[in-house]
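Report on the structure given below.
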Amino acid sequence: MKFGHFDDEAREYVITTPRTPLPWINYLGSQDFFSLISNTGGGYSFYKDAKLLRITRYRYNDIPNDSNGKYYYINDNGTIWNPGFMPSRTKLDSYECRHGMGYTRFKSNKNGLGAELLAFVPVDAACEVNLLTLENTSSEEKNFSLFSYVEFCLWNAMDDMTNFQRNLSIGEVEIEGSTIYHKTEYRERRNHYSFFTVNTPVDGYDTSRDDFLGLGNSNAVPDAVRDCKCRNSVASGWYPAAVHQINLTLKPGEKKSLVFLLGYCENPSDNKWEKPGVIRKDGAHELIRKFHTEEQALEAFARLNQYWTELLSRYTVQSSNPHINRMANIWNQYQCMVTFNMSRSASYYESGTGRGMGFRDSCQDLLGFVHLIPARARERILDIASTQFADGSAYHQYQPLTKKGNLDIGSGFNDDPLWLIAAVAAYLKETGDTSILDAQVPFDCKPGTEEPLFEHLRRSFRYTADHLGPHKLPLIGRADWNDCLNLNCFSSEPGEPFQTTGPSEGPVAESVFIAGMFVKYGKEFAKISKIYGNGQLSETISKEVQNMYQTILDAGWDGEWFLRAYDANSEKVGSSECKEGQIFIEPQGFCVMAGVGIEEGLAKKALDSVKERLDTKYGVMILQPAYSQYYLNLGEISSYPPGYKENAGIFCHNNPWVSIAETVIGRGNRAYEIYSKTCPSCIEDISEIHRTEPYVYSQMVAGADAARHGEAKNSWLTGTAAWTFVNLSQAILGICPDYEGLRIDPCVPESFGDFTITRTFRDAVYHIEIKNPSNIQKGVTHLNVDGTEVSGNVIPYEKDKKEYFVTAYMG
């Protein structure tokens with residue numbers, strides 16, 4: 001069943017009931033200031049770093065679920081309600097939530113009073129704008145009170161949730177007219193503050209959460225709202241909040257609009273104070289002036305819409321398939337922006353208190369983002385590379401605020417280094433900007449260790465090439481892409497973290513998956529080396545890649561599919577010889593993507609085994625049979641119940657690898673079949689089973705062994721977004737950036753028909769028409785570029801040309 005519908009023209013998903021299976025959220029913000037907002041008004045805000053600069057507080061395990069956010073209470077003659085339903089949970093006469101590109105809009109009505117709330121983060125300011133419009137839709141005059149509400153976090157979100165012996169004594173605020181300033185800890189190490197304001201005089205305020213709520217109360221019906229009277233409290237320690245009371249009278253048909261603003265400001269460390277104890281507010285005053293009126297707010301909203309119109313116009317498709325059009329043109333690209341900004345750090349599943357930006361994650365996220373804003377992709381590559389160790393290995397994650405690596409979940413994930421090559425290759429293909437290879441980048445963010453980015457890539461490659469096990473396959477370290485396949489862990493004590501227990505150096509566990517990566521991205525590094533002018537190195541790399549190719553055939557083939565790994569005792573993992581976990585998805589996808597086994601006929605066998613052994617109606621499972629017991633030699637993967645997460649769940653992240661692999665061998669029917677099983681638009685009708693948002697991808701879906709087969713978890717922040725966009729835009733639709741130019745190589749279902757794509761590439765616009773008169777799945781015979789026949793399938797790139805008209809003929 002559905003809980004809403006797509007509005008493609010408006011680029012929105014329209015939720016028609018607040019009672020969705022889970023909170024369905026959206027992200028506001030595109031660069032530094034971010035807010036998460038759910039379809040009932042829940043969520044939180046932060047600046048740059050969800051852990052270290054958290055502005056508002058959120059409770060992940062609270063009951064009821066999703067019960068803290070930016071709320072607007074209305075007390076209309078004793079009836080208390082919220083435009084987004086929560087937290088009062090009063091039944092509304094009408095309700096609608098529209099999640100759009102960087103904004104969310106609520107529209108609801110209760111007892112003849114309408115409320116429309118528009119929430120967005122402007123493209124050029126560190127604030128969130130809430131434009132609230134109230135309308136009397138009844139035939140009688142309305143006298144009612146409005147109360148805004150946010151609860152401030154004490155900046156460090158982890159410390160905020162744990163260090164109560166300190167935190168309950170440090171909360172401080174200032175009040176200036178209708179503006180409430182959160183200046184907790186400003187007196188010492190901090191030079192930043194936040195504020196919440198409204199563009200009208202107020203009839204009362206509260207800055208103490210407990211005074212506003214009342215003794216023992218939840219936030220469903222605060223005492224101040226029930227009594228229609230704020231306490232004018234000034235927080236001193238305990239729980240600082242920001243509440244405005246505004247008493248309103250509306251005649252029949254009359255409207256009133258109010259602009260609320262949640263902002264973040266920094267002051268120079270040597271100029272923090274206006275006078276003793278009073279913070280300097282110049283930055284806040286400037287923001288308030290910028291968004292003080294409804295007209296200013298709507299102008300900023302128009303700029304936000306134009307921003308997204310321009311970004312999304314860089315890749316658009318028109319085909320007979322509405323799901324592909326919708327996802328490619330709107331939601332998949334939008335999610336790629338969010339994952340680029342957030343990595344895995346801040347969602348309703350990632351609390352933003354532990355994980356920072358993933359090294360591997362951010363490199364993969366860039367694959368689906370680089371075409372949108374190449375300059376930011378370049379900056380991100382250099383940030384990631386600067387956290388790399390001098391030996392070519394990597395921190396597994398880094399903090400977005402400091403841009404320095406951290407060891408919160410250890411290091412020694414041996415697939416990490418090769419992902420840097422993948423990211424740089426994608427950037428070079430998209431932009432042709434080889435100057436990035438000469439950029440001076442430090443190791444471990446230490447001044448004085450700078451080397452050209454190209455040297456970082458060389459060390460990434462060498463780290464893998466020089467860390468081989470007994471079968472000459474790459475050592476897995478703590479884990480590879482599958483963080484839960486911990487072949488060197490041997491954790492037997494409750495509470496031990498799998499990713500940091502045991503050594504990452506020394507044991508001989510090997511990964512066939514990393515071997516596939518080595519072949520795929522080793523080929524890319526050989527090309528990059530040649531472009532860089534180092535032909536001798538290119539030849540050396542190519543030889544090592546070919547040796548690894550043969551090693552996979554000799555030591556990584558199990559007869560009908562590729563092995564997954566060898567454990568620390570050199571026993572096979574992912575083999576028909578295993579009792580459980582006989583076949584894994586990762587090497588089948590990645591090895592074939594790398595071209596391994598195609599000439600030998602093994603690639604087709606491996607993918608046929610995936611269909612036979614791993615396929616379900618909801619997607620391709622990560623492994624089979626599921627592990628029914630805990631295996632000490634395998635680690636966390638066998639700690640999950642069968643069918644969930646890494647133990648035979650459906651990982652949407654690696655389903656695109658198999659779909660791409662199918663396009664490599666020319667099977668467009670199967671490639672699309674795999675794509676459609678996890679495509680949100682395609683499965684909107686089963687939202688009661690899937691449960692997560694029907695407009696974005698999730699990390700995983702419960703597998704066939706699970707009690708809730710088909711139920712998704714961990715939406716939004718997942719490599720699924722970038723990899724699926726690569727699969728859809730490049731592998732299936734076939735518009736592939738390459739070093740020499742755009743390569744046209746679609747692999748589509750037989751019934752797909754003709755289609756057109758507009759693609760911005762290196763500052764030129766390409767209008768591409770794909771004609772498929774014979775309804776074949778793969779194969780371009782020739783191109784017509786601006787009226788000239790071109791053999792092959794690569795559009796020759798001309799530096800100064802700004803527009804191309806291309807027809808590609810399949811046959």
Side-chain angles (χ1 to χ4, degrees), residues 471 473 476 479-482 484-487 509-517 552-567 570-594 596-598 600-629 631 633-638 640 642-662 664-665 667 670-671 673-674 677-678 700-706 709:
H471 299 88
L473 292 163
I476 198 170
D480 57 21
W481 173 88
N482 189 331
C484 298
L485 187 60
N486 314 121
L487 304 183
E510 301 164 277
S511 169
V512 176
F513 168 76
I514 297 179
M517 285 187 71
I552 295 174
L553 298 184
D554 294 340
W557 181 252
D558 194 56
E560 297 295 328
W561 56 80
F562 294 100
L563 289 172
R564 180 61 176 85
Y566 287 90
D567 68 15
S570 285
E571 297 293 331
K572 294 177 180 178
V573 179
S575 166
S576 58
E577 299 173 15
C578 301
K579 178 184 175 183
E580 297 176 325
Q582 295 175 344
I583 177 173
F584 283 68
I585 189 176
E586 301 102 304
Q588 321 315 323
F590 234 87
C591 287
V592 178
M593 284 168 62
V596 179
I598 295 176
E600 298 83 357
L602 305 184
K604 181 178 180 300
K605 277 188 177 182
L607 296 178
D608 287 345
S609 295
V610 168
K611 183 174 177 61
E612 178 186 349
R613 303 284 300 263
L614 297 177
D615 213 11
T616 78
K617 62 182 178 179
Y618 298 123
V620 182
M621 294 178 288
I622 198 169
L623 65 87
Q624 276 292 299
Y627 294 113
S628 61
Q629 64 187 72
Y631 291 84
N633 64 316
L634 299 181
E636 187 174 357
I637 192 170
S638 60
Y640 287 103
Y644 290 108
K645 287 279 284 177
E646 283 81 357
N647 187 14
I650 297 163
F651 252 77
C652 305
H653 185 148
N654 51 38
N655 270 237
W657 298 347
V658 179
S659 183
I660 294 170
E662 289 286 358
V664 170
I665 65 170
R667 300 200 297 200
R670 175 64 177 152
E673 179 189 355
I674 295 168
K677 288 182 179 182
T678 58
M700 63 84 62
V701 171
D705 302 281
H709 182 32

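D558 places no side-chain N or O within donor-acceptor distance of the main-chain N or O of L563, the cut-off being under 3.5 Å. When atom types are taken as modelled, the side chain of D480 and the backbone of I514 share no donor-acceptor pair closer than 3.5 angstrom. Using a distance-only test at 3.5 Å, with no hydrogens or angles considered, no donor-acceptor pair links the side chain of Q624 to the main chain of R613. Side-chain N or O atoms of S659 include one that pairs as donor or acceptor with a backbone N or O of A671 at under 3.5 Å. A donor-acceptor contact shorter than 3.5 Å is absent between the side chain of W561 and the backbone of P587. Distance alone, capped at 3.5 Å, places no donor-acceptor pair between the E662 side chain and the V658 backbone. A side-chain donor-acceptor contact under 3.5 Å links Y566 to the backbone of A555.
Side-chain contact check for N633 versus L487: every heavy-atom pair is 4.5 Å or farther apart. Two residues are said to be in side-chain contact when any heavy atoms from C-beta on lie closer than 4.5 Å; K617 and K677 fail this criterion. By the 4.5 Å heavy-atom criterion applied to side chains, N486 and L634 are not counted as neighbours. Between Y631 and Q629, some side-chain heavy-atom pair lies under the 4.5 Å cut-off. Here the side chains of C652 and M700 are not in contact, with every heavy-atom distance at 4.5 Å or above. A heavy-atom distance below 4.5 Å is not found between the side chains of E612 and D615. By the 4.5 Å heavy-atom criterion applied to side chains, M621 and I585 are not counted as neighbours. Proximity of W557 to I552: side-chain heavy atoms (C-beta onward) are nowhere separated by under 4.5 Å.
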*Applying salt bridge (Lys or Arg N to Asp or Glu O under 4.0 Å), run through K611 and E673 and close with a yes or a no.*
CA-CA 11 Å; K611 183 174 177 61; E673 179 189 355; 3.5 Å; yes
*Should E580 and S628 be marked as a side-chain hydrogen bond (donor to acceptor under 3.5 Å, both in side chains) after you check the CA-CA gap, both sets of side-chain angles, and the distance that decides it?*
CA-CA 8 Å; E580 297 176 325; S628 61; 2.5 Å; yes
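F513 and F590 have perpendicular rings, their planes meeting at more than 60° on a 0 to 90° scale where under 30° would count as parallel.
Between W657 and F651, the ring center distance fails the sub-6.0 Å criterion.
The CE atom of M517 lies 9.5 Å from the CE atom of M593; values are rounded to the nearest 0.5 Å.
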